[in-house]
Amino acid sequence: MAQTPRYRFAPSPTGYFHVGGARTALYNWILAKQTSGVFVLRIEDTDDSRNNPQWTQGIVDALAWLGIDGNDSHFEGPYFQSANAALHVEAAEKLFAQGKAYYCDLTTEDIQKRAKELGGQNERQGYDGYSRDRGLGPGPGRVLRFRVPSGATIVQDQVRGSVEFDNATIEDFVLLRGNGSPVFLLANVVDDITQCITHVVRAEEHLPNTPKQQMIWDALGITPPSWAHVPVLVNEQRKKLSKRRDKVAVEQYREEGILAEAMKNYLMTLGWAPSGDTEIVSFEKITDEFKLVSVNHSPAFFDIVKLQAFNADYIRALSLEEFITACQPWLMSDKAPWQASEYDLKVFTEIAPLVQTRVQLLQEVPSMVDFLFCDSPILDDAAFVKAFAPEWAVTTLIEIRDGFKVCEFTPDALKAVVESVGEKHSLKLGKLQAPLRVAITGRSVGPPLFEPIAMLGREATLKRIDVALAKKI
RNA sequence: GCCCCCAUCGUCUAGUGGCCUAGGACACCACCCUUUCAAGGUGGCGGCACGGGUUCGAAUCCCGUUGGGGGUGCCA
């Protein structure tokens with residue numbers, strides 16, 4: 001009888017959703033989909049006090065953003081590890097009853113002291129099995145330790161092949177703390193068993209602890225799941241991504257205006273690659289082609305520059321309507337530099353095609369169109385000084401202004417005015433427009449100029465030119 | 001200390017003994033286009049960590065060295 005494959009994703013609640021976790025979640029989700037299996041979301045929280053509902057909601061929201069949908073029939077959870085504490089303890093007691101675990105009353109200090117006496121120079125030496133045969137029963141302050149059998153433990157890993165650990169190098173580890181509470185290593189195994197987990201796909205950092213978990217599975221008499229340890233994500237120093245140093249929160253990228261599809265696609269190119277000569281592919285193709293065995297073995301650098309390049313690509317691929325819709329949260333935000341009442345969707349709709357090819361992040365959009373919604377442009381002083389440095393700047397701008405006073409107010413006519421001034425002074429359009437651009441938009445770079453000027457209207461345009469001229473003279 | 005993992009352009013990767021004069025993507029540079037900035041087009045720069053084997057033949061298999069990372073808690 002074929003068993004339904006069950007993949008568990010087990011983030012710890014830390015107040016944010018790690019990009020590395022996002023990639024692992026994607027792996028699990030894809031695998032569950034491919035095998036008509038189930039994606040089980042379990043929140044790792046052996047300690048109840050860690051169980052912050054807001055944090056859990058953050059994880060659920062971030063997963064949903066990535067398309068890992070809590071309403072899908074392939075999705076189960078979230079489950080809370082702490083809710084099963086009784087089962088964890090029960091399993092530990094079973095192990096004790098069978099002699100596969102034993103109590104020990106040594107404190108951490110005692111263990112270090114013994115190690116020093118016995119081992120000599122080695123400063124880091126583990127527990128030596130002192131209480132193995134002392135026949136201690138449970139009691140306050142006594143921990144329950146697993147009796148590591150002799151021999152070797154072989155972990156069959158779908159990514160790495162078979163990895164052998166000599167049991168002699170694994171100390172008798174703790175199952176139950178002195179206060180009777182289970183440690184996460186045990187909790188995870190018991191939860192995996194009770195939730196009938198068949199596949200464990202997680203980051204490589206867990207590989208060295210896997211033989212311990214596998215020994216617990218064996219001791220409990222249950223066949224261990226299929227393991228897969230995928231490489232970690234690292235920073236430019238090649239260190240595991242950490243909240244302290246690195247920008248690791250998925251939420252943060254979402255707020256900056258990274259598109260979910262871009263994030264998913266980029267994450268999937270880390271440690272794996274779709275077939276063909278392009279890395280930007282549909283999630284359908286990824287779901288089709290992804291295989292654990294073809295996942296790389298080495299850590300991958302999380303390159304924000306490349307993520308943004310992917311995002312720019314995805315933004316350009318949006319239809320105009322989709323792009324406009326996607327921009328709204330940033331345009332309507334109170335962080336936008338204009339009065340909310342000044343924002344006009346119709347105006348933005350007109351200029352949107354010009355900004356779509358010019359942004360990498362959606363959060364860059366407001367600064368590209370602010371001059372249309374603010375009373376006066378937000379002036380970049382350096383740009384102003386530079387644009388008005390040439391001696392022809394003021395003269396030509398006056399001529400342009402005078403032309404604007406009488407010409408038809410369309411992009412073509414406006415352009416013709418500026419061009420004719422350019423001919424008169426033998427200046428190319430590219431140079432000549434600089435002072436005008438700064439006067440109108442406040443900046444030296446931005447979308448093409450004449451369309452927005454036409455949208456702004458004659459009165460506002462002339463006023464801005466005069467303000468700039470007054471500032472210069 | 002001990003254990004485990006890893007090693008192809010700067011970065012992410014393709015590559016599973018001859019198709020490799022090592023392919024693509026991001027970044028970078030140049031040129032074209034151009035109304036600034038983008039976008040787009042064309043081209044360029046740039047890599048198998050090192051040393052030994054095995055083989056007619058090695059980026060690919062084996063051993064070693066070096067270098068990186070991770071684990072080793074009464075954290076998760």
Side-chain angles (χ1 to χ4, degrees), chain A residues 10-14 43-47 50 81 104 106-108 111 119-127 141-145 155 157 159-160 163-166 168-171 173-185 187-188 203-212 229 231-232 234 236-240 266 269-280 294 296-303 305-310 312-313 316 354-360 368 387 415 418-419 422 428-434 436-438 441 443-450:
Chain A
S12 50
T14 46
I43 308 295
E44 283 183 343
D45 61 336
T46 59
D47 178 358
R50 288 185 65 110
Q81 196 152 67
C104 174
L106 255 42
T107 63
T108 309
I111 292 166
Q121 63 275 71
N122 290 352
E123 67 231 50
R124 278 200 64 83
Q125 184 132 355
Y127 178 71
R142 292 183 179 175
V143 300
L144 184 69
R145 286 182 179 274
V155 173
D157 189 286
V159 171
R160 278 151 222 283
V163 185
E164 183 170 342
F165 297 83
D166 181 353
T169 64
I170 300 171
E171 66 180 45
F173 52 93
V174 170
L175 259 18
L176 255 28
R177 302 187 183 98
N179 64 6
S181 67
V183 300
F184 106 106
L185 197 74
N188 264 349
E204 193 204 326
E205 59 202 276
H206 295 286
L207 184 54
N209 282 323
T210 305
K212 295 181 188 171
H229 289 89
V232 293
V234 297
E236 47 283 294
Q237 269 84 239
R238 305 246 112 215
K239 295 253 193 332
K240 200 170 74 167
Y266 175 64
T269 66
L270 262 21
W272 180 80
S275 65
D277 264 357
T278 166
E279 291 182 311
I280 297 192
S294 52
N296 248 16
H297 295 188
S298 42
F301 170 52
F302 187 79
D303 186 353
V305 173
K306 189 163 176 180
L307 202 213
Q308 290 185 355
F310 270 46
D313 210 289
R316 278 180 250 121
L354 301 177
V355 331
Q356 191 171 2
T357 59
R358 271 161 252 260
V359 291
Q360 289 205 305
M368 203 145 275
K415 186 181 175 193
V418 178
E419 274 173 340
K428 284 200 170 173
L429 194 52
K431 273 197 152 179
L432 186 56
Q433 56 133 10
L436 176 61
R437 175 180 290 281
V438 174
T441 71
R443 298 191 177 85
S444 57
V445 298
L449 239 199
F450 302 109

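Letters A, B, ... mirror the listed sequences (proteins, then strands); counts begin at 1.
Contacts of Ala300(A) with the nucleic acid, taken as non-hydrogen atoms under 4.0 Å apart, involve only primed sugar atoms and P, OP1 or OP2. Here Asn296(A) lies in heavy-atom contact (under 4.0 Å) with sugar-phosphate atoms only. Counting non-hydrogen atoms under 4.0 angstrom, Phe173(A) reaches nothing in the nucleic acid. Among the protein residues, Thr210(A) comes within range of no part of the nucleic acid, since none of its heavy atoms lies under 4.0 Å from any strand. The residue Val174(A) sits close only to the backbone: its heavy atoms come under 4.0 Å of sugar-phosphate atoms, none of a base. Among the protein residues, Gly271(A) comes within range of the sugar-phosphate backbone only, with heavy atoms under 4.0 Å from sugar or phosphate atoms but none that close to a base. Within 4.0 Å of Leu449(A), counting heavy atoms only, lies at least one base atom of the nucleic acid. Looking at heavy-atom distances under 4.0 Å, Glu279(A) makes contact with a base. Using a 4.0 Å heavy-atom distance criterion, Ser444(A) is classed as a base contact. Leu106(A) comes within 4.0 angstrom of a nucleotide base, judged by non-hydrogen atoms across all strands. Residue contacts for Arg443(A): at a heavy-atom cut-off of 4.0 Å it reaches no nucleic acid atom on any strand shown. Nucleic acid contact class of Gln433(A) (heavy atoms, under 4.0 Å, all strands): base. Note on Pro447(A): a base of the nucleic acid sits closer than 4.0 angstrom, heavy atoms only. Within 4.0 Å of Lys240(A), counting heavy atoms only, lie sugar-phosphate atoms of the nucleic acid but no base atom.
With both ends at atom C1', the span from C48(B) to U21(B) equals 14 Å, rounded to whole Å. Taking atom C1' on both G52(B) and G70(B), the two are 29 Å apart, rounded to the nearest angstrom. A14(B) and U8(B) have their P atoms separated by 11 Å, given to the nearest Å. Spacing of P atoms, A39(B) relative to A30(B), comes out at 15 Å, to the nearest Å. Look at the C1' atom in both C4(B) and C28(B): the space between them is 38 Å, to the nearest Å. Taking the C1' atom of each, A49(B) and U66(B) are spaced 8 Å apart, rounded to whole Å. Separating the P atom of G17(B) from that of C61(B) is a span of 8 Å, rounded to the nearest Å. Between G43(B) and G64(B), the distance separating the two C1' atoms is 43 Å to the nearest Å.
Between Phe450(A) and Val418(A), some side-chain heavy-atom pair lies under the 4.5 Å cut-off.
Remark: Arg177(A) is in phosphate contact with C75(B), judged by side-chain N or O atoms under 4.0 Å from OP1 or OP2. Between Arg238(A) and C12(B), a side-chain N or O to OP1/OP2 separation shorter than 4.0 Å is present. In terms of phosphate contacts, Thr269(A) brings no side-chain nitrogen or oxygen within less than 4.0 Å of OP1 or OP2 of C12(B). Contact annotation: Asn188(A) does not reach the phosphate of A76(B) (side-chain N/O to OP1 or OP2, under 4.0 Å).
Of the candidate nucleotides C5(B), G70(B), A7(B), C5(B) has the atom nearest to the side chain of Leu207(A). When distances run from any side-chain atom of Ser12(A) to the nucleotides C37(B), A38(B), A76(B), the shortest one goes to A76(B). Each of C5(B), C37(B), C2(B) was ranked by its minimum atom distance to the side chain of Thr169(A); first place goes to C2(B). Which of U35(B), G70(B), A39(B) sits closest to the side chain of Arg316(A) comes down to A39(B). If you check C74(B), U35(B), A76(B) against the side chain of Thr108(A), the one that comes closest is C74(B).
The separation between Asp303(A) atom CG and U11(B) atom P is 10 Å, rounded to whole Å. C26(B) atom P lies 17 Å from atom CZ of Phe302(A), rounded to whole Å. Nucleotide G68(B) holds its C1' atom 15 Å from the CZ atom of Phe301(A), rounded to whole Å. Atom CG in Leu354(A) sits roughly 16 Å away from atom P in C37(B) (whole-Å rounding). Spacing between atom CZ of Arg437(A) and atom C1' of U34(B) amounts to 12 Å, rounded to whole angstrom units. Distance Glu164(A) CD to C3(B) P: 13 Å, rounded to the nearest Å. Taking atom NE2 of residue His297(A) and atom P of nucleotide U13(B), one finds them 12 Å apart after rounding to whole Å. Taking atom NZ on Lys239(A) and atom P on U11(B), their separation rounds to 15 Å, with Å as the unit.
Checking Gln81(A) against Arg160(A), the closest nucleotide of RNA chain B that is more toward the 5' end is the one next to Arg160(A). Annotation: of the two residues near RNA chain B, Pro11(A) and Ala273(A), the 5′-most nearest-nucleotide partner is Ala273(A).
Judged purely by atom type and a 3.5 angstrom limit, Arg160(A) uses its side chain to pair as donor or acceptor with the backbone of His229(A). Judged by distance alone, with hydrogens and angles left aside, the side-chain atoms of Asp166(A) form a donor-acceptor pair with the main-chain N or O of Ala168(A) at under 3.5 Å. In this structure a side-chain-to-backbone donor-acceptor pair under 3.5 Å is missing from Tyr266(A) to Ala309(A). Looking only at distances, a side-chain donor or acceptor of Arg358(A) sits under 3.5 Å from a matching main-chain atom of Leu354(A). Looking at Glu171(A), its side chain does come within 3.5 Å of a backbone N or O of Tyr127(A) through a donor-acceptor pair. Listed for the His297(A) side chain is no donor-acceptor partner under 3.5 Å among the backbone atoms of Pro231(A).
Using N1 to N3 plus N6-O4 or O6-N4 for Watson-Crick, or N1-O2 and O6-N3 for G-U wobble, each under 3.5 Å, C2(B) pairs with G71(B). In a base pair of the Watson-Crick type (N1 to N3 plus N6-O4 or O6-N4) or a G-U wobble (N1-O2 and O6-N3), with each distance short of 3.5 Å, U16(B) is matched with no nucleotide. Nucleotide A7(B) forms a Watson-Crick or G-U wobble pair with U66(B), both donor-acceptor distances falling under 3.5 Å. U34(B): no Watson-Crick or G-U partner with both key distances under 3.5 Å is found in any strand.
Counted by atom type alone, Ser181(A) and Arg177(A) present one or more donor-acceptor pairs between their side chains at under 3.5 Å.
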Full working for side chain to side chain contact (heavy atoms under 4.5 Å, CB included) between Trp272(A) and Leu270(A): CA-CA 6 Å; Trp272(A) 180 80; Leu270(A) 262 21; over 6 Å; no

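Residue side chain Lys306(A) reaches the base of A25(B) through a donor-acceptor N/O pair under 3.5 Å, judged by distance alone.
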